[in-house]
Amino acid sequence: MKKLMITCAVAAAVATTSTAAFAQLLDEVTERGYLQCGVTEGVPGFSFPDDNNNWTGLEVDFCRAMAAAIFDDSEAVRYTPLTSQTRFESLANGNVDVLSRTTTWTMSRDTDLGITFTGTMFYDGQGFMVREEEGITSATELSGAAVCIESGTTTELNAADYFATEGLDLSNAVVFVNQDEVVQAYLDGRCDVYTTDASALAAERSGFPDPDAHIILPEIISKEPLGPSVRSGDTQWFNIAKWTLFAMLNAEELGVTSENVDEMLGSDNPEIRRLLGVEGDFGTPIGLSPDWAYRIISQVGNYGELYETHVGPETAIDIPRGVNNLWTEGGVMYAPPIR
């Protein structure tokens, strides 16, 4: 009995200490008045600044959604552009509150860097882009080609694995520090091939002087689950980030949009009522108001709205939903229920 009492006391002490520690970042962000979001230096459709430094994109909207949930203000965000080499250190050191830039979730990143991925926002895979005039139709024809690659990325490792497996020569790889240098080198003709995530290839191509002069080869050589990440150890903050994404996915599945969300407040569907905070309180346990998801959907939208706005078939980037469709529509996007 004495041993049991000691064990319970220790557990209670740990729980109390943990709760205080876990609340630290939310309190810090709330007091500061805005969310500090780490983004790319500029990938159209995902995180891209205009001439006035106004950021837009799928991953930017994730940060806007977090801000809406926390502050009831989706514009309470500041953006920090980060290279592939600086992104993880910036997150781990607390320079940004959340990293929402085209970053692949891998085991080593999830376990060795002091960060935690909160979910997959976009399922992707690495591809290759070449000039149409070269007449290349398959990645298996790229042996000995000059390949533009960004250093410090899974792209670099995947290319090495693929070329070795296929018995191709990668000795002419041209490695650059950041994405802008890679793109410019390809456009300047310093490389025959540009390789990165297929979504980024489509995004960058949309801004080329003559997009139709470049083709993306059919081979996809890797799995690239792209998603936001936060520093490890803060369960409350992790839950806020994780359920921000889940709320947008559940909203799309339930047919709740930024256009009809006010009408949906009167729905008889218990799932919708729980999502919007009409029934039950699923915000207080993670430090948010009961209407946290309503704030997200009304100010930012559901996942499908974000996708169609930034990278869907009606945009210049034109990426079909494919595996990024809801599980009910043949894709793999699936969120746990709010209940």
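Heavy-atom contacts from other residues, nucleotides or ligands closer than 6.0 Å to CZ of Phe208 number more than 12. Counted within 6.0 Å of CD on Glu166, heavy atoms from surrounding residues, nucleotides or ligands total more than 12; the atom is thus considered enclosed.
Between Arg190 and Cys148 the shortest side-chain heavy-atom distance does not fall below 4.5 Å. Annotation: side chain of Glu253 is not in contact with side chain of Leu275 (no heavy-atom distance under 4.5 Å).
Thr40 and Arg101 share no donor-acceptor pair across their side chains, judged by distance under 3.5 Å alone. Judged by distance alone, the side chains of Glu224 and Ser222 do bring a donor and an acceptor atom under 3.5 Å apart. Under the 3.5 Å distance criterion, with hydrogens and angles disregarded, no donor-acceptor pair is assigned to the side chains of Glu156 and Ser151. With hydrogens and angles left out, the side-chain atoms of Ser289 and Asp291 include a donor and acceptor closer than 3.5 Å. No hydrogens or angles considered: a donor-acceptor pair under 3.5 Å links the side chains of Thr140 and Ser138.
With Tyr307 contributing its side chain and Ile319 its backbone, the two residues share a donor-acceptor pair below 3.5 Å. Side-chain atoms of Glu305 come within 3.5 Å of backbone N or O of Ser258 as a donor-acceptor pair. Counting only distance, with no hydrogens or angles, the side chain of Glu181 and the backbone of Val177 share a donor-acceptor pair below 3.5 Å. No donor-acceptor pair under 3.5 Å is formed between the side chain of Glu41 and the backbone N or O of Thr83. No donor-acceptor distance shorter than 3.5 angstrom exists from the side chain of Glu314 to the backbone of Glu308, with no hydrogens or angles considered. Listed for the Ser100 side chain is a donor-acceptor partner under 3.5 Å among the backbone atoms of Glu59. A donor-acceptor contact shorter than 3.5 Å is absent between the side chain of Glu204 and the backbone of Ala200. Between the side chain of Arg274 and the main chain of Ile338, a donor-acceptor pair closer than 3.5 Å is present. Here the side chain of Arg295 pairs no donor or acceptor atom with the backbone of Asp73 at under 3.5 angstrom. A donor-acceptor pair is defined here as one N or O able to donate and one able to accept, closer than 3.5 Å; no such pair exists between the side chain of Arg78 and the backbone of Gln36.
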Full working for side chain to side chain contact (heavy atoms under 4.5 Å, CB included) between Gln299 and Asp72: CA-CA 8 Å; Gln299 297 180 37; Asp72 196 16; 2.7 Å; yes
Apply side-chain hydrogen bond (donor to acceptor under 3.5 Å, both in side chains) to residues Asn239 and Trp237 and explain how you reach the verdict. CA-CA 5 Å; Asn239 279 330; Trp237 191 249; over 6 Å; no
side-chain hydrogen bond (donor to acceptor under 3.5 Å, both in side chains), that's the test. Do Asn250 and Tyr303 meet it? Break it down for me. CA-CA 8 Å; Asn250 277 320; Tyr303 179 81; over 6 Å; no
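Checked against the 6.0 Å centroid threshold, His214 and Tyr194 do not count as a close aromatic pair.
Ion pairing between Glu150 and Arg87 fails under the 4.0 Å rule for side-chain N and carboxylate O.
Among Thr315, Asp61, Thr56, the one residue that satisfies the side-chain hydrogen bond (donor to acceptor under 3.5 Å, both in side chains) test with His310 is Asp61.
Once rounded to the nearest 0.5 Å, the distance linking CG of Asn172 with CG of Leu142 reads 12.0 Å.
Note: Phe122 and Phe46 have perpendicular aromatic rings, judged against thresholds of 30 and 60 degrees for the angle between ring planes.
With sequence neighbours left out, Thr309 forms a side chain to side chain contact (heavy atoms under 4.5 Å, CB included) with no residue at all.
Nearest heavy atom pair, residue Leu91 against residue Ser229, reads CD2-OG, 3.4 Å.
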